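To start, the structure under review is shown below, and the notes come after it.
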Amino acid sequence: MESSNATANLPDVEHAASSSLPARYLDSIGRSIIGFIQTARGLIAFTLITLGVAMTKFNASARVIHPLIHSQIYRAGVRLLPMISFLACALGLMIIGQMVALLTRVGAQNLAGTVMVTVVVRELGPLAAALMVLARVGVGYVIEMGTARALGEVEALEALGIDPIHYLVIPRMVGLALAIFSLTVYFIIATLISGYLFAFAQDVPLLPGDYFKQLAVALTWEDFALLALKTCWFGIVIAVVSCYQGLAQPLRLEHVSGATTRAVVQSVVACVSLDALFIVIYLVM
(Lines give C-alpha, C1' and ligand atoms only; values in the text may rest on other atoms or scores of the structure.)
Protein backbone atom coordinates (compact mmCIF):
# COMPACT_ATOMS: atom_id res chain seq x y z
CA MET A 1 0.00 0.00 0.00
CA GLU A 2 2.80 2.41 0.85
CA SER A 3 4.52 1.75 -2.47
CA SER A 4 1.29 2.31 -4.35
CA ASN A 5 0.72 5.63 -2.54
CA ALA A 6 4.28 6.75 -3.33
CA THR A 7 3.75 5.84 -6.97
CA ALA A 8 0.52 7.81 -7.00
CA ASN A 9 2.24 10.86 -5.55
CA LEU A 10 4.99 10.89 -8.17
CA PRO A 11 2.95 12.75 -10.82
CA ASP A 12 2.06 15.42 -8.25
CA VAL A 13 5.73 15.94 -7.41
CA GLU A 14 6.69 16.10 -11.08
CA HIS A 15 3.84 18.55 -11.77
CA ALA A 16 4.92 20.76 -8.88
CA ALA A 17 8.54 20.74 -10.07
CA SER A 18 7.56 21.54 -13.66
CA SER A 19 5.21 24.32 -12.58
CA SER A 20 7.95 25.91 -10.46
CA LEU A 21 10.37 26.16 -13.41
CA PRO A 22 8.74 29.27 -14.97
CA ALA A 23 8.72 30.92 -11.56
CA ARG A 24 12.43 30.19 -11.18
CA TYR A 25 13.19 31.61 -14.61
CA LEU A 26 11.15 34.73 -13.91
CA ASP A 27 12.87 35.13 -10.55
CA SER A 28 16.29 34.79 -12.18
CA ILE A 29 15.39 37.29 -14.90
CA GLY A 30 14.03 39.72 -12.33
CA ARG A 31 17.18 39.47 -10.20
CA SER A 32 19.33 40.06 -13.28
CA ILE A 33 17.33 43.15 -14.27
CA ILE A 34 17.47 44.58 -10.75
CA GLY A 35 21.21 43.91 -10.54
CA PHE A 36 21.78 45.57 -13.92
CA ILE A 37 19.79 48.65 -12.88
CA GLN A 38 21.68 48.94 -9.59
CA THR A 39 25.05 48.55 -11.31
CA ALA A 40 24.15 51.09 -14.00
CA ARG A 41 22.96 53.56 -11.38
CA GLY A 42 26.16 53.13 -9.37
CA LEU A 43 28.37 53.52 -12.44
CA ILE A 44 26.54 56.64 -13.60
CA ALA A 45 26.79 58.20 -10.13
CA PHE A 46 30.49 57.31 -9.85
CA THR A 47 31.14 58.73 -13.34
CA LEU A 48 29.40 62.01 -12.52
CA ILE A 49 31.33 62.31 -9.26
CA THR A 50 34.61 61.61 -11.06
CA LEU A 51 33.91 64.14 -13.82
CA GLY A 52 32.89 66.71 -11.22
CA VAL A 53 36.11 66.22 -9.28
CA ALA A 54 38.10 66.38 -12.53
CA MET A 55 36.58 69.73 -13.46
CA THR A 56 36.86 71.31 -10.02
CA LYS A 57 40.15 69.89 -8.71
CA PHE A 58 42.21 69.12 -11.82
CA ASN A 59 44.74 71.90 -11.18
CA ALA A 60 44.77 71.30 -7.44
CA SER A 61 47.97 69.65 -6.17
CA ALA A 62 49.40 69.77 -9.69
CA ARG A 63 52.87 68.78 -8.48
CA VAL A 64 51.40 65.51 -7.22
CA ILE A 65 48.65 64.73 -9.74
CA HIS A 66 50.46 65.59 -12.99
CA PRO A 67 53.39 63.19 -12.36
CA LEU A 68 50.82 60.49 -11.60
CA ILE A 69 49.15 61.19 -14.95
CA HIS A 70 52.51 60.92 -16.73
CA SER A 71 53.22 57.60 -15.03
CA GLN A 72 49.82 56.25 -16.10
CA ILE A 73 50.43 57.36 -19.70
CA TYR A 74 53.74 55.51 -19.63
CA ARG A 75 52.14 52.45 -18.07
CA ALA A 76 49.14 52.26 -20.41
CA GLY A 77 50.80 53.69 -23.53
CA VAL A 78 54.56 53.42 -23.88
CA ARG A 79 54.85 50.01 -22.22
CA LEU A 80 52.23 48.57 -24.59
CA LEU A 81 53.95 49.73 -27.79
CA PRO A 82 55.70 46.37 -28.46
CA MET A 83 52.46 44.42 -28.04
CA ILE A 84 50.39 46.88 -30.06
CA SER A 85 53.04 46.83 -32.80
CA PHE A 86 52.86 43.04 -33.02
CA LEU A 87 49.05 43.11 -33.10
CA ALA A 88 49.01 45.84 -35.77
CA CYS A 89 51.43 43.95 -38.02
CA ALA A 90 49.54 40.67 -37.54
CA LEU A 91 46.16 42.19 -38.35
CA GLY A 92 47.65 44.16 -41.23
CA LEU A 93 49.10 41.01 -42.77
CA MET A 94 46.09 38.77 -42.11
CA ILE A 95 43.20 41.12 -42.81
CA ILE A 96 44.17 44.34 -44.55
CA GLY A 97 46.62 42.83 -47.00
CA GLN A 98 44.18 40.12 -48.07
CA MET A 99 41.37 42.66 -48.36
CA VAL A 100 43.42 44.90 -50.65
CA ALA A 101 44.40 41.88 -52.74
CA LEU A 102 40.77 40.74 -52.99
CA LEU A 103 39.54 44.19 -54.01
CA THR A 104 42.19 44.31 -56.74
CA ARG A 105 41.19 40.90 -58.08
CA VAL A 106 37.55 41.93 -58.48
CA GLY A 107 38.50 45.27 -60.01
CA ALA A 108 37.39 47.36 -57.02
CA GLN A 109 40.80 48.68 -56.01
CA ASN A 110 39.37 52.21 -56.13
CA LEU A 111 37.37 51.33 -53.01
CA ALA A 112 40.47 50.37 -50.99
CA GLY A 113 40.68 53.74 -49.26
CA THR A 114 37.04 53.77 -48.24
CA VAL A 115 37.19 50.21 -46.94
CA MET A 116 40.39 50.86 -44.99
CA VAL A 117 38.98 53.98 -43.35
CA THR A 118 35.73 52.22 -42.42
CA VAL A 119 37.35 49.04 -41.09
CA VAL A 120 40.61 50.24 -39.56
CA VAL A 121 40.19 53.91 -38.67
CA ARG A 122 36.61 53.84 -37.46
CA GLU A 123 36.22 50.39 -35.91
CA LEU A 124 39.23 48.06 -35.68
CA GLY A 125 41.81 50.53 -34.42
CA PRO A 126 39.93 52.07 -31.48
CA LEU A 127 38.44 48.77 -30.28
CA ALA A 128 41.72 46.85 -30.55
CA ALA A 129 43.63 49.51 -28.60
CA ALA A 130 40.91 49.78 -25.94
CA LEU A 131 40.67 46.01 -25.41
CA MET A 132 44.46 45.73 -25.24
CA VAL A 133 44.62 48.44 -22.56
CA LEU A 134 41.75 46.81 -20.68
CA ALA A 135 43.48 43.42 -20.64
CA ARG A 136 46.91 44.73 -19.67
CA VAL A 137 46.12 47.76 -17.48
CA GLY A 138 42.43 47.86 -16.56
CA VAL A 139 42.62 44.51 -14.77
CA GLY A 140 45.58 45.78 -12.76
CA TYR A 141 43.58 48.84 -11.73
CA VAL A 142 40.83 46.69 -10.22
CA ILE A 143 43.34 44.60 -8.30
CA GLU A 144 45.16 47.70 -7.01
CA MET A 145 41.99 49.53 -6.00
CA GLY A 146 40.35 46.46 -4.50
CA THR A 147 43.44 45.55 -2.49
CA ALA A 148 43.82 49.14 -1.25
CA ARG A 149 40.17 49.18 -0.19
CA ALA A 150 40.41 45.79 1.51
CA LEU A 151 43.55 46.78 3.45
CA GLY A 152 42.07 50.10 4.59
CA GLU A 153 44.41 52.31 2.56
CA VAL A 154 41.52 54.28 1.07
CA GLU A 155 40.19 55.10 4.52
CA ALA A 156 43.71 56.16 5.52
CA LEU A 157 43.78 58.64 2.62
CA GLU A 158 40.45 60.07 3.70
CA ALA A 159 41.73 60.38 7.27
CA LEU A 160 44.66 62.44 5.95
CA GLY A 161 42.27 64.77 4.11
CA ILE A 162 43.10 63.39 0.63
CA ASP A 163 40.25 62.85 -1.80
CA PRO A 164 40.58 59.24 -3.11
CA ILE A 165 38.81 60.17 -6.35
CA HIS A 166 41.25 63.00 -7.00
CA TYR A 167 44.34 61.03 -6.02
CA LEU A 168 43.51 57.55 -7.35
CA VAL A 169 40.89 57.86 -10.12
CA ILE A 170 41.63 61.14 -11.94
CA PRO A 171 45.25 60.27 -12.93
CA ARG A 172 44.14 56.88 -14.22
CA MET A 173 41.19 58.30 -16.14
CA VAL A 174 43.21 61.04 -17.86
CA GLY A 175 46.17 58.72 -18.45
CA LEU A 176 44.04 56.00 -20.06
CA ALA A 177 42.19 58.50 -22.27
CA LEU A 178 45.43 59.93 -23.67
CA ALA A 179 47.13 56.52 -23.88
CA ILE A 180 44.31 54.87 -25.84
CA PHE A 181 44.14 57.81 -28.24
CA SER A 182 47.91 57.64 -28.89
CA LEU A 183 47.92 53.85 -29.20
CA THR A 184 45.01 53.99 -31.63
CA VAL A 185 46.80 56.44 -33.92
CA TYR A 186 49.96 54.33 -33.80
CA PHE A 187 47.96 51.13 -34.38
CA ILE A 188 46.15 52.57 -37.41
CA ILE A 189 49.35 53.77 -39.07
CA ALA A 190 51.18 50.48 -38.43
CA THR A 191 48.23 48.40 -39.64
CA LEU A 192 47.77 50.35 -42.88
CA ILE A 193 51.49 50.21 -43.70
CA SER A 194 51.95 46.53 -42.87
CA GLY A 195 48.79 45.64 -44.79
CA TYR A 196 50.02 47.39 -47.91
CA LEU A 197 53.43 45.71 -47.60
CA PHE A 198 51.74 42.32 -47.54
CA ALA A 199 49.63 43.25 -50.57
CA PHE A 200 52.75 44.54 -52.33
CA ALA A 201 54.46 41.21 -51.63
CA GLN A 202 51.56 39.52 -53.43
CA ASP A 203 52.28 41.62 -56.55
CA VAL A 204 49.10 43.66 -56.21
CA PRO A 205 49.21 46.36 -58.93
CA LEU A 206 48.54 49.24 -56.55
CA LEU A 207 51.22 51.88 -56.24
CA PRO A 208 51.98 53.35 -52.80
CA GLY A 209 51.05 56.82 -53.98
CA ASP A 210 47.64 55.65 -55.20
CA TYR A 211 47.04 53.68 -51.99
CA PHE A 212 47.75 56.56 -49.64
CA LYS A 213 45.95 59.01 -51.93
CA GLN A 214 42.81 56.90 -51.64
CA LEU A 215 43.17 56.91 -47.86
CA ALA A 216 43.58 60.69 -47.81
CA VAL A 217 40.52 61.19 -50.02
CA ALA A 218 38.38 58.82 -47.90
CA LEU A 219 39.30 60.54 -44.63
CA THR A 220 37.25 63.53 -43.53
CA TRP A 221 37.56 65.92 -40.61
CA GLU A 222 34.68 64.08 -38.92
CA ASP A 223 36.82 60.92 -38.83
CA PHE A 224 39.59 62.71 -36.93
CA ALA A 225 37.20 64.40 -34.50
CA LEU A 226 35.14 61.29 -33.78
CA LEU A 227 38.27 59.15 -33.51
CA ALA A 228 39.68 61.41 -30.80
CA LEU A 229 36.34 61.58 -29.02
CA LYS A 230 35.73 57.84 -29.18
CA THR A 231 39.18 56.79 -27.96
CA CYS A 232 39.13 59.29 -25.09
CA TRP A 233 35.74 58.02 -23.98
CA PHE A 234 37.00 54.44 -24.19
CA GLY A 235 39.76 55.39 -21.77
CA ILE A 236 37.34 57.16 -19.45
CA VAL A 237 34.95 54.21 -19.46
CA ILE A 238 37.64 51.61 -18.75
CA ALA A 239 39.21 53.68 -15.96
CA VAL A 240 35.89 54.55 -14.32
CA VAL A 241 34.53 50.99 -14.42
CA SER A 242 37.79 49.51 -13.12
CA CYS A 243 38.08 52.02 -10.28
CA TYR A 244 34.37 51.70 -9.48
CA GLN A 245 34.64 47.96 -8.99
CA GLY A 246 37.65 48.43 -6.73
CA LEU A 247 36.53 51.46 -4.71
CA ALA A 248 32.74 51.75 -4.72
CA GLN A 249 32.05 49.11 -2.07
CA PRO A 250 34.00 47.52 0.79
CA LEU A 251 35.86 44.42 -0.34
CA ARG A 252 37.77 41.61 1.23
CA LEU A 253 40.83 40.17 -0.43
CA GLU A 254 38.97 37.06 -1.57
CA HIS A 255 36.41 39.26 -3.38
CA VAL A 256 38.96 41.06 -5.56
CA SER A 257 38.93 38.35 -8.25
CA GLY A 258 35.16 38.61 -8.61
CA ALA A 259 35.37 42.39 -8.87
CA THR A 260 38.02 41.99 -11.59
CA THR A 261 35.75 39.71 -13.62
CA ARG A 262 32.84 42.13 -13.30
CA ALA A 263 35.03 45.05 -14.34
CA VAL A 264 36.21 43.27 -17.49
CA VAL A 265 32.70 42.23 -18.53
CA GLN A 266 31.20 45.65 -17.83
CA SER A 267 34.05 47.47 -19.60
CA VAL A 268 33.66 45.33 -22.73
CA VAL A 269 29.89 45.84 -22.77
CA ALA A 270 30.28 49.59 -22.23
CA CYS A 271 32.92 49.95 -24.96
CA VAL A 272 30.89 47.95 -27.48
CA SER A 273 27.75 49.95 -26.65
CA LEU A 274 29.69 53.19 -27.02
CA ASP A 275 31.08 51.99 -30.34
CA ALA A 276 27.55 51.21 -31.53
CA LEU A 277 26.53 54.75 -30.61
CA PHE A 278 29.37 56.15 -32.70
CA ILE A 279 28.35 53.91 -35.61
CA VAL A 280 24.92 55.56 -35.50
CA ILE A 281 26.62 58.98 -35.48
CA TYR A 282 28.71 57.99 -38.53
CA LEU A 283 25.58 56.83 -40.38
CA VAL A 284 23.70 60.02 -39.55
CA MET A 285 26.59 62.23 -40.64
Side-chain angles (χ1 to χ4, degrees), residues 24-51 71-73 75-77 79-80 83-84 86-87 123-124 126-155 157 164-165 167-177 179-180 183-184 187 230-278:
R24 293 178 182 176
Y25 286 128
L26 291 176
D27 182 68
S28 177
I29 294 173
R31 290 177 182 273
S32 300
I33 294 174
I34 293 174
F36 173 78
I37 293 174
Q38 292 177 346
T39 302
R41 184 179 62 182
L43 280 172
I44 292 173
F46 190 80
T47 302
L48 294 177
I49 293 172
T50 303
L51 293 177
S71 66
Q72 295 302 325
I73 294 174
R75 178 182 179 182
R79 290 181 60 182
L80 295 186
M83 189 62 191
I84 207 74
F86 171 77
L87 183 62
E123 302 301 329
L124 186 59
L127 274 179
L131 295 179
M132 179 64 65
V133 171
L134 172 63
R136 290 292 302 274
V137 181
V139 173
Y141 285 173
V142 185
I143 297 174
E144 292 173 1
M145 299 293 101
T147 304
R149 186 64 188 269
L151 296 179
E153 296 178 6
V154 177
E155 288 77 5
L157 290 175
I165 300 296
Y167 183 73
L168 297 175
V169 180
I170 299 302
R172 287 168 170 80
M173 184 183 70
V174 178
L176 252 65
I180 292 180
L183 286 177
T184 300
F187 177 86
K230 179 193 289 190
T231 51
C232 289
W233 270 107
F234 279 169
I236 293 173
V237 165
I238 293 173
V240 168
V241 172
S242 301
C243 294
Y244 169 79
Q245 290 298 333
L247 292 176
Q249 55 187 352
L251 294 175
R252 292 192 295 180
L253 289 177
E254 58 266 26
H255 297 159
V256 174
S257 60
T260 304
T261 303
R262 291 193 298 271
V264 172
V265 174
Q266 292 171 6
S267 297
V268 171
V269 172
C271 288
V272 173
S273 302
L274 190 62
D275 185 71
L277 176 62
F278 275 92

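Because the structure is predicted, anything quoted here is derived from the model rather than measured.
Scanning both residues, L43 and Q266, for their nearest heavy atoms gives CD1-OE1, 3.9 Å. Minimum interatomic distance between A270 and V237 (heavy atoms only, all atoms of both residues): CB-CG1, 3.5 Å. Here the closest heavy-atom approach between residue V256 and residue G146 is recorded as CG2-C, 4.0 Å. Pairing each heavy atom of A179 with each of I73, the nearest pair is CB-O, 4.4 Å.
Here CE of M132 is found 11.5 Å from CD1 of I180. Values are rounded to the nearest 0.5 Å. From F234, atom CZ reaches atom OG1 of T184 across 8.5 Å, with rounding to the nearest 0.5 Å. Between F278 atom CZ and T231 atom OG1 the span is 8.5 Å, to the nearest 0.5 Å. With values rounded to the nearest 0.5 angstrom, L131 atom CG is found 9.5 Å from S267 atom OG. Rounding to the nearest 0.5 Å gives a distance of 12.5 Å between SG of C232 and NZ of K230.
For the pair V241/V264, no side-chain contact is recorded, criterion being any heavy-atom separation below 4.5 Å from C-beta on. Looking only at side-chain heavy atoms (C-beta outward), V174 and Q72 stay at 4.5 Å or farther from each other. Within the 4.5 Å cutoff, the side chain of L168 has heavy atoms near those of the L157 side chain. Under the 4.5 Å side-chain criterion, counting only non-hydrogen atoms from C-beta, I238 is not in contact with Y141. Residues C243 and R172 have side chains in contact (heavy-atom distance under 4.5 Å, counting atoms from C-beta outward). The closest side-chain heavy-atom distance from I236 to L176 is not below 4.5 Å. M173 has its side chain within reach of T50: a pair of non-hydrogen atoms, C-beta onward, lies under 4.5 Å apart. Using a 4.5 Å cut-off on side-chain heavy atoms (C-beta onward), F46 and I165 make contact.
Residue R262 qualifies as enclosed at atom CZ: its count of foreign heavy atoms under 6.0 Å is above 12.
A salt bridge does not link E144 with R149: every distance from a Lys NZ or Arg NE/NH1/NH2 to an Asp or Glu carboxylate oxygen is 4.0 Å or more.
Among residues two or more places apart in sequence or in another chain, the side-chain hydrogen bond (donor to acceptor under 3.5 Å, both in side chains) test is passed with Q38 by none.
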